[in-house]
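Notes follow the structure.
Given the structure is predicted, the values throughout are model-derived calculations rather than measurements. The figures that follow rest on heavy atoms only: side chains count, while hydrogens, waters and symmetry mates do not. In what follows, every chain begins at residue 1, and chains take the letters A, B, ... in the order their sequences are listed.
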There are 2 protein chains.
Amino acid sequence: MKNSKNPPDVTAEQKILISAREIFHKKGFEGARMQEIADKAGINKALLHYYYRSKEKLFDAVFAEALKTLIPKVKELLDAELPLFDKIKYFTDNYIKLLMENMYLPVFVIYELFQNPEKILSKFTEKSNFTPSVFIAQIRKSVKNKEIKKTDPRQLFINLMSLCIYPIIAKPLIMKIYDLNEQGFNRFINQRKKEIPEFIINSIKINKNSSSNGKK
Amino acid sequence: MKNSKNPPDVTAEQKILISAREIFHKKGFEGARMQEIADKAGINKALLHYYYRSKEKLFDAVFAEALKTLIPKVKELLDAELPLFDKIKYFTDNYIKLLMENMYLPVFVIYELFQNPEKILSKFTEKSNFTPSVFIAQIRKSVKNKEIKKTDPRQLFINLMSLCIYPIIAKPLIMKIYDLNEQGFNRFINQRKKEIPEFIINSIKINKNSSSNGKK
DNA sequence: GTCTATAACTCGATAGAC
DNA sequence: GTCTATCGAGTTATAGAC
């Protein structure tokens with residue numbers, strides 16, 4: 001047990017990436033220190049530069065990794081073969097779970113993207129496709145089949161994302177305004193896992209007992 | 001027209017705060033440079049330290065100002081004397097307008113709060129009350145009067161905030177996934193001003209033509 | 001109050017031994 | 001590959017003239 005900060009039997013390069021991820025996620029590019037990353041990895045600062053040439057390149061590796069695990073995960077959840085209402089429940093539950101296990105991830109991604117959108121996104125040109133096309137198509141089809149009200153699929157997708165992500169990135173504010181401790185906050189979020197799908201489905205479902213429906 | 005970066009006839013102290021606000025909002029505490037703030041204010045760096053003793057104190061002034069304009073503004077909108085559905089429309093419209101005019105503000109507040117919740121929030125103990133008590137009470141009353149479905153007021157308030165704020169802080173992502181330019185993004189947000197109230201009201205309104213309602 | 005000059009320090013990066 | 005030692009740029013903060 002010479003160094004318990006990282007699992008044993010991993011290469012120095014892996015140790016660096018693991019530590020860098022943790023530090024960058026928590027403190028952002030500007031707030032992170034190469035020294036701190038090295039310390040956490042249990043290696044020397046010079047080794048960081050040996051494997052990754054600069055702080056910026058190390059950051060790029062961490063950010064690319066974040067986006068390339070986040071986007072496919074969202075897609076995977078949204079591409080599940082489920083009826084629309086079930087999928088909304090399934091997505092909410094699993095996405096919130098993912099975010100709660102990586103508390104710093106959403107603020108990190110949002111903040112760094114805001115700092116430098118073009119620089120960062122230019123690296124994801126042809127590569128991974130960001131558009132949730134399967135989910136969008138499913139919504140469109142549900143509208144067409146009169147299973148749900150007339151709804152803009154793009155807006156509905158952002159609604160779903162908003163309701164899941166915002167409460168987590170606003171954690172400190174929510175704890176303050178509702179006077180919650182850590183445990184109370186967790187309860188609040190768990191309650192949301194139920195509330196969000198109900199809230200969305202209530203909004204878009206077609207009300208069977210009324211005459212003609214859909215807006216306009 | 002000796003210096004057009006700031007309005008004339010303002011004291012140096014005011015010029016500093018105005019410039020500091022702009023730089024800190026855009027770049028955060030770690031990313032901001034005292035030199036850049038001084039340049040933008042059109043004064044010397046030493047003067048920053050003359051008026052505000054340190055970078056941290058200057059930042060605190062900017063952050064306190066941000067919270068102390070944001071929170072009362074939210075309260076003011078939520079305390080308007082309007083029926084619930086009208087208020088939801090009124091709030092959405094004006095709050096999104098406010099955020100669009102201060103694009104960097106929400107990410108700034110969220111990010112810095114996440115970096116240092118206890119340090120920052122400890123300064124707002126007795127002072128301004130964060131809880132939107134009037135709005136919460138109004139929702140509770142509407143539920144009691146069977147004007148809307150049984151709804152947790154705390155969750156509904158966060159839903160409203162989520163739907164307004166998230167799309168703005170996720171601007172770079174939304175532009176990417178929907179392939180929008182600046183103008184297209186503005187259209188998307190303007191569309192939301194209509195969509196959000198409809199979305200929320202559809203969800204909570206009691207459906208008149210069906211037998212008995214409310215969950216449970 | 002406002003400026004110039006500079007001290008004191010932090011941090012990313014590199015040289016060079018092993 | 002990994003380390004120690006150190007350079008050099010950049011940053012906050014201050015001393016001191018005006």
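- A donor-acceptor contact shorter than 3.5 Å links the side chain of Lys176(B) to the backbone of Phe124(A).
- Between the side chain of Asn102(B) and the backbone N or O of Leu105(B), no donor-acceptor pair lies under 3.5 Å.
- Side-chain N/O atoms of His49(B) include none lying less than 4.0 angstrom from OP1 or OP2 on dT14(D).
- In this entry the distance linking OH of Tyr52(A) with P of dT14(C) reads 17 Å, nearest Å.
- Toward the 5′ end of DNA chain C lies the nearest nucleotide of Arg33(A), the other residue of the pair Arg53(A) and Arg33(A) mapping further downstream.
- If you take CD of Gln35(A) and P of dT6(D), they are 16 Å apart, rounded to a whole angstrom.
- Counting only distance, with no hydrogens or angles, the side chain of Asn116(B) and the backbone of Glu112(B) share no donor-acceptor pair below 3.5 Å.
- Spacing between atom CG of Asp39(A) and atom P of dT4(D) amounts to 11 Å, rounded to whole angstrom units.
- Between the C1' atom of dA13(D) and the CD1 atom of Ile37(B) lies a distance of 14 Å, rounded to the nearest Å.
- A donor-acceptor pair is defined here as one N or O able to donate and one able to accept, closer than 3.5 Å; such a pair exists between the side chain of Thr151(A) and the backbone of Lys149(A).
- Between the CZ atom of Phe59(A) and the C1' atom of dA13(C) there is a distance of 19 Å, given to the nearest Å.
- Within 4.0 Å of Ala32(A), counting heavy atoms only, lie sugar-phosphate atoms of the nucleic acid but no base atom.
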Could you list, one pair per line, each protein nitrogen or oxygen that sits under 3.5 Å from a nitrogen or oxygen of nucleotides 1-3 of chain D, together with the distance?
residue	atom	partner	partner atom	Å
dT2(D)	OP2	Tyr51(A)	OH	2.6
dC3(D)	OP2	Asn44(A)	N	3.2

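- Nucleotide dT10(C) holds its C1' atom 9 Å from the NZ atom of Lys45(A), rounded to whole Å.
- Just one of Phe29(B), Phe24(B), Phe108(B) meets the ring pair (Phe, Tyr, Trp, His ring centres under 6.0 Å) condition when paired with Phe63(B); it is Phe108(B).
- Between Asp39(B) and Gln35(B), the side chains place a donor N or O and an acceptor N or O closer than 3.5 Å (distance only, hydrogens not considered).
- For the pair Gln115(B) (side chain) and Lys26(A) (backbone), a donor-acceptor distance under 3.5 Å is present.
- Distance, Lys57(B) NZ to dT14(D) C1': 15 Å, rounded to whole Å.
- The nearest whole Å value for the distance from the NZ atom in Lys55(A) to the P atom in dG12(C) is 5 Å.
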